[in-house]
**Student:** 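To start, I am sharing the structure in question, which I have written as structure tokens.
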Amino acid sequence: MKGLPLSKVYQLLEPGPVVLLTTAHKGHANIMAMSWHMMVEFEPPLIACVVSNANYSFAALRATKECVIAIPALELAPKVVGVGNCSGREMDKFKRFRLTPAPANRVAPPLVAECFANLECKVVDTRLVNEFNLFVLEVLKAWTDPAQKHPKTFHHHGYGRFAVDGEMIKLKSRKR
Ligand SMILES: Cc1cc2nc3c(=O)[nH]c(=O)nc-3n(C[C@H](O)[C@H](O)[C@H](O)COP(=O)(O)O)c2cc1C
């Protein structure tokens, strides 16, 4: 075995797909890329996520306590990486990356029409925001796009490297 720098540990464990997080604050909708998130509860679905306080999205999320998590398929990867490498402080990222905001049902931030799933969320716990920029979200409403039948997600391994969803296998599970 060979030692691994602690700075690289996250690349081994980063779990779910890269997602987009939208916010709306003072009439301005914004969007960022996010891969530091994890499920916390089945139902109602709770999701913990880290949104850096250096990001423009942080202030919007903290103030409005609402967001949408939009899950893009592989085809959107170049746009998602673009979205994750610039700030809504300086531009309208929906326009810049030709992504379509669509009205949500329960929250003010928009869905992203091109994504295969959209989750409307409210912030339900902020106890770890000051220490770790960690928000706990509850999903209020979930949407999927029936036209995207077998979307492949992509997963960040750091420094512009991504793993793409591979073969699906089915193993016995206690539940179903
Ligand atoms: C693949 C990828 C994953 C990212 N994951 C996160 C994340 O989990 N949390 C975070 O705060 N920023 C993350 N970022 C960085 C933000 O997306 C980036 O800082 C963004 O430009 C912030 O936009 P804003 O200033 O408009 O909010 C990620 C960027 C990329 C490209």
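Both backbone and side-chain heavy atoms feed into the values below; hydrogens, waters and symmetry mates do not. Numbering of ligands and ligand atoms starts at 1, following listing order.
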**Student:** Of all the atoms in ligand 1, which lie at a distance below 4.0 Å from a heavy atom belonging to Cys86?
**Tutor:**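 In order of numbering, the contacting atoms are 20 (C), 21 (O), 23 (O).
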**Student:** Could you tell me if the side chain of Val18 sits less than 4.5 Å from the side chain of Ser35, heavy atoms only?
**Tutor:**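 The answer is yes, as the side chains (C-beta and beyond) meet within the 4.5 Å cut-off.
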**Student:** Indicate yes or no: at least one non-hydrogen side-chain atom of Met32 is less than 4.5 angstrom from one of Val51.
**Tutor:**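 In contact.
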**Student:** If the cut-off is 4.0 Å to any non-hydrogen atom of Val51, which atoms of ligand 1 fall inside it?
**Tutor:**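 With Val51 as reference, the close atoms of ligand 1 come out as 11 (O).
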**Student:** Working to the nearest 0.5 Å, report the span between CZ of Phe58 and CG of Asn133.
**Tutor:**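 Output value for this atom pair is 5.0 Å.
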**Student:** Below 3.5 Å, N or O to N or O, backbone or side chain included: is there any such pair between Val80 and ligand 1?
**Tutor:**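 By distance alone, the answer is no.
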**Student:** What distance do Ile71 atom CD1 and Leu76 atom CG have between them, rounded to the nearest 0.5 Å?
**Tutor:**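 Output value for this atom pair is 12.0 Å.
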**Student:** Rounded to the nearest 0.5 Å, how far apart are SG of Cys67 and CG of Leu137?
**Tutor:**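 Atom-to-atom, Cys67:SG and Leu137:CG are 4.5 Å apart.
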**Student:** Report yes if some N/O of Val50 lies less than 3.5 Å from some N/O of ligand 1; otherwise report no.
**Tutor:**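 Yes.
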**Student:** So do Val50 and Phe132 actually touch side chain to side chain, heavy atoms under 4.5 Å?
**Tutor:**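 Counting from C-beta outward, Phe132 and Val50 never come under 4.5 Å.
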**Student:** Would Trp36 end up clustered with Leu61 when hydrophobic side chains under 4.5 Å apart are linked, directly or stepwise?
**Tutor:**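 Each belongs to a different hydrophobic cluster.
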**Student:** In terms of atom number and element, which parts of ligand 1 are under 4.0 angstrom from non-hydrogen atoms of Tyr56?
**Tutor:**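 So the atoms of ligand 1 that pass are 24 (P), 25 (O), 26 (O), 27 (O).
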**Student:** Return each pair, listed once, that meets side chain to side chain donor-acceptor pair (under 3.5 Å) where at least one residue sits in residues 83-100; pairs must be two or more places apart or across chains.
**Tutor:**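 Passing the test, one end in residues 83-100: Ser87-Arg89, Thr100-Glu114.
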**Student:** Residue-level breakdown please: for Asn133 versus ligand 1, do any non-hydrogen atoms fall below 4.0 Å on the side chain, on the backbone, on both, or on neither?
**Tutor:**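 It is neither; nothing of Asn133 touches ligand 1.
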**Student:** So is Thr23 in contact with ligand 1, going by heavy-atom distances below 4.0 Å?
**Tutor:**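 No.
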**Student:** Give the atoms of ligand 1, by number and element, whose distance to some non-hydrogen atom of Asn30 is under 4.0 Å.
**Tutor:**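 Near Asn30, the atoms of ligand 1 are 24 (P), 26 (O), 27 (O).
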**Student:** Classify the contact between Lys93 and ligand 1 as side chain, backbone, both or neither, using a heavy-atom distance cut-off of under 4.0 Å.
**Tutor:**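 It is the side chain that touches ligand 1; the backbone stays farther off.
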**Student:** For Ser52, counting its heavy atoms only, list the atoms of ligand 1 lying under 4.0 Å from any of them.
**Tutor:**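 Contacts of ligand 1 toward Ser52, numbered from 1: 10 (C), 11 (O).
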**Student:** Is Val81 close to ligand 1, meaning an N/O of one under 3.5 Å from an N/O of the other?
**Tutor:**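 No.
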**Student:** Within ligand 1, which atoms have a heavy atom of Phe162 less than 4.0 Å away?
**Tutor:**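 Under 4.0 Å from Phe162, ligand 1 has these atoms: 1 (C).
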**Student:** With nothing but distance in play, are any N or O atoms of His156 less than 3.5 Å from an N or O of ligand 1?
**Tutor:**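 There is no such contact.
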**Student:** Aromatic ring centroids of Tyr56 and His28 under 6.0 Å?
**Tutor:**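 Ring centroids of Tyr56 and His28 are less than 6.0 Å from each other.
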